[in-house]
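Have a look at the structure below before the remarks.
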Amino acid sequence: IKMRLPLGTLFFTIFFILSCNNKKTESDFLNPSELNQIENLIEKAIDKNSIPGAVVLVAKNNQIIYKKAFGIKNPKTKDTYQIDDIFRIASMTKAITSIGIMKLWERGLIGLDDPIENYIPEFKNVGILDKFFPKDSTFTTKPTKKKITIRNLLTHTSGLGYGFIDGNPEIKATYVKEKNKFMPEGVLGFSDSDVTIEETIKRMAKMPLHHEPGERFTYAIGIDVLGYLIEIISGETLSEFLEKEIFRPLEMKDTYFYLPKEKKNKLVPILTKKEDKWTIFDDPRYNINYPIEGAKKFYSGGGGLSSTVEDYYKFLSIFLNDGTYNSKKIISPSTNQLIQKDQLIKITNTSDPGLGHGLVSGIIRDSDVLTGAKGSEGTIVWGGYFNTAYFADPDQKIIGIIFKQTQEISEPTSDRFNQIIYGALQN
């Protein structure tokens with residue numbers, strides 16, 4: 001008996017067979033042998049004593065295709081890095097807090113161009129540094145012509161300073177002078193003190209500005225101000241808000257301001273080199289063990305979180321999937337497009353020589369691509385004070401994360417890591 005298939009069915013069958021035979025895996029887009037250069041990079045850096053080790057993750061099209069831990073994390077115990085170790089991510093906290101702000105904006109609870117003084121009245125009298133007196137670090141200010149807006153705070157165009165890491169020695173001195181229970185360690189972020197965001201931000205509003213709001217990009221403490229704004233609008237602590245709105249929906253089970261007791265041993269130590277040997281870092285300005293010690297009540301939206309590479313991958317994945325994670329909406333597709341646009345030209349009317357900056361993070365612009373910055377236009381990229389870094393490329397659907405935990409160390413593995421990933425692209 002001869003059976004005849006309808007012509008449409010025949011075409012569909014042929015198409016289905018061809019599709020199955022041509023189904024691509026992630027290795028068809030990222031050359032595995034070239035991606036393995038990551039291992040060569042990290043191990044060579046360890047052999048040269050440039051870094052003690054690292055944990056890295058690469059994902060393509062919503063699949064983790066490379067995840068590995070290298071090196072010794074504790075020179076005293078000789079414990080090695082593990083892929084689920086928890087790292088202090090410092091300024092990588094900023095993108096998470098900024099998404100919290102964008103969620104409030106989506107709900108119509110705030111406007112991006114609202115003056116922050118509408119919510120925190122202490123900012124009404126903020127002024128630009130006029131005169132500085134080195135003898136006692138006192139200063140005078142002159143009034144601003146513009147108000148600091150939420151958009152300014154999101155994009156580091158507010159004119160605010162950044163404590164003991166500030167680039168202006170005079171601004172830096174004014175913060176350091178405020179080192180007391182209301183301004184722990186002269187900086188926000190790394191604190192084991194018995195103090196809240198509210199107390200600290202209200203105190204900080206008295207500090208002088210670098211320049212007129214919106215004049216230019218100056219890396220600043222503004223995301224901490226926005227962390228306090230989240231508390232004001234939501235009626236919850238920043239920790240509670242992020243847990244409910246971001247960590248739980250994204251299944252981020254190892255991301256905290258302060259680690260629970262059962263996970264404290266997963267926190268890696270901060271290392272530095274002394275006499276060419278790796279040793280545990282200590283800093284008289286703050287307690288390096290703030291994620292597991294102290295009062296545990298200060299929630300720094302600009303630098304207080306600790307996390308794992310896989311947790312942070314889950315967070316970054318929303319930018320590659322129209323604001324969703326596993327079909328769960330975190331932000332809307334239109335908001336996701338908005339945050340991937342450079343805001344600096346809009347705000348300052350100038351082209352900053354460094355990266356662009358969107359509403360959650362640094363942004364690679366077309367001009368950056370031409371100068372050799374790795375990533376497509378719109379790629380989100382940033383790092384943290386303790387040598388952690390990430391990028392998320394919405395065009396190529398690639399995420400790269402490299403976590404180290406060092407201080408007073410300068411080395412190029414984070415940039416080289418990115419170069420290898422893009423060098424392995426085949427399509």
Side-chain angles (χ1 to χ4, degrees), residues 38 41-42 45 50-59 81 85-99 154-156 162-163 165-167 187-190 217-224 255 268 270-272 281 288 291 300-313 315-316 319 339-340 342 344 352-365 368 371-375 378-393 398-422:
I38 293 171
L41 169 74
I42 302 298
S50 300
I51 61 173
V55 179
V56 302
L57 180 150
V58 181
Y81 281 103
D85 278 339
I86 296 176
F87 290 71
R88 301 160 190 79
I89 62 171
S91 286
M92 287 173 57
T93 304
K94 289 177 170 63
I96 295 174
T97 302
S98 297
I99 285 296
L154 285 167
T155 56
H156 302 278
Y162 215 137
I165 63 171
D166 198 277
V187 69
L188 301 183
F190 320 136
F217 177 97
T218 299
Y219 194 48
I221 217 156
I223 309 300
D224 282 275
T255 302
V268 304
I270 304 170
L271 301 184
T272 192
F281 178 76
I288 62 168
S300 168
L305 287 173
S306 298
S307 189
T308 64
V309 291
E310 188 155 347
D311 265 15
Y312 210 83
Y313 156 72
F315 170 69
L316 292 176
F319 305 124
I339 63 180
Q340 293 171 17
D342 178 37
L344 296 186
D352 190 272
L355 287 172
H357 202 287
L359 291 171
V360 303
S361 191
I363 296 290
I364 290 181
R365 306 160 298 188
D368 302 317
T371 59
K374 292 299 179 183
T379 295
I380 293 171
V381 57
W382 210 248
Y385 185 70
F386 301 109
N387 212 351
T388 58
Y390 68 84
F391 74 88
D393 187 331
I398 297 175
I399 288 171
I401 303 170
I402 178 166
F403 278 10
K404 293 163 281 183
Q405 201 82 152
T406 58
Q407 269 293 282
E408 300 175 353
I409 302 296
S410 178
E411 46 80 27
T413 52
S414 295
D415 288 338
R416 303 287 168 80
F417 170 71
N418 290 14
Q419 290 170 215
I420 290 170
I421 294 170
Y422 281 96

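What you see below is based on every heavy atom in this structure, not just the backbone, and it leaves out hydrogens, waters and symmetry mates. All residue numbers in this chain count up from 1 along the given sequence.
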- [ ] State, with a plain yes or no, whether a side-chain heavy atom of Trp382 is found less than 4.5 Å away from one of Val360.
- [x] no

Open item on the list: I need the minimum non-hydrogen distance between Ser50 and Ile409, along with the two atoms involved.
Closed with: O-CG2, 3.6 Å

Task: Minimum side-chain heavy-atom gap Asp393-Ile399 below 4.5 Å - done: no

Task: Between CD1 on residue Ile86 and OG on residue Ser306, distance to nearest 0.5 Å - done: 7.5 Å

- [ ] Would you confirm whether Glu408, through its side chain, and Phe281, through its main-chain N or O, come within 3.5 Å as a donor-acceptor pair?
- [x] no

Task: Minimum-distance pair of heavy atoms, taken over all atoms of Pro52 and Thr406 - done: CD-CG2, 3.7 Å

Task: Minimum heavy-atom distance between Asp342 and Gly356, given as atom pair plus value - done: OD1-CA, 3.2 Å

Open item on the list: Testing the basics here: between Ile380 and Ser361, what is the closest heavy-atom pair and its distance to 0.1 Å?
Closed with: CG2-CB, 3.4 Å

TODO: Can you sort out the partners of Glu411 under salt bridge (charged side-chain N to carboxylate O under 4.0 Å, His left out), two or more places apart, ordered by chain and number?
DONE: Lys404

Task: Distance flag, aromatic centroids of Tyr312 and Phe87, threshold under 6.0 Å - done: no

- [ ] Answer yes or no: is there a side-chain heavy-atom contact under 4.5 Å between Ile223 and Ser98?
- [x] yes

Open item on the list: Is any side-chain heavy atom of Ile42 closer than 4.5 Å to one of Ile51?
Closed with: yes

Open item on the list: Using 0.5 Å steps for rounding, measure from the CG atom of Asn418 to the CD1 atom of Ile398.
Closed with: 10.0 Å

TODO: Could you go through the side-chain contact (heavy atoms from CB on, under 4.5 Å) check for Val309 and Thr388 one step at a time?
DONE: CA-CA 10 Å; Val309 291; Thr388 58; over 6 Å; no

Task: Near-ring test Phe190/Tyr385, centroid separation under 6.0 angstrom - done: yes

Task: ring pair (Phe, Tyr, Trp, His ring centres under 6.0 Å) involving Tyr422 - partner list, sequence neighbours excluded - done: Phe391

Task: Side-chain heavy-atom pair Leu344, Ile363 within 4.5 angstrom cut-off - done: no

TODO: Taking all heavy atoms of Phe417 and all of Leu57, pick out the closest pair and write down the distance.
DONE: CZ-O, 3.7 Å

Under 3.5 Å, side-chain donor or acceptor atoms of residues 88-95 against the rest of the protein: list the pairs with distances, not counting sequence neighbours.
| residue | atom | partner | partner atom | Å |
| --- | --- | --- | --- | --- |
| Arg88 | NE | Ile288 | O | 3.0 |
| Arg88 | NH1 | Val268 | O | 2.6 |
| Arg88 | NH1 | Gln405 | OE1 | 3.0 |
| Arg88 | NH2 | Ile288 | O | 3.3 |
| Ser91 | OG | Lys94 | NZ | 2.9 |
| Ser91 | OG | Tyr219 | OH | 2.7 |
| Thr93 | OG1 | Ala90 | O | 2.6 |
| Thr93 | OG1 | Leu305 | N | 3.0 |
| Lys94 | NZ | Tyr162 | OH | 2.7 |
| Lys94 | NZ | Tyr219 | OH | 3.2 |
| Lys94 | NZ | Gly302 | O | 2.7 |

- [ ] For residues Tyr313 and Ala59, report the shortest heavy-atom separation together with the two atoms involved.
- [x] CE1-CB, 3.3 Å

TODO: Evaluate the side-chain proximity of Ser307 to Phe315: yes if any heavy-atom separation is below 4.5 Å, no if none is.
DONE: no

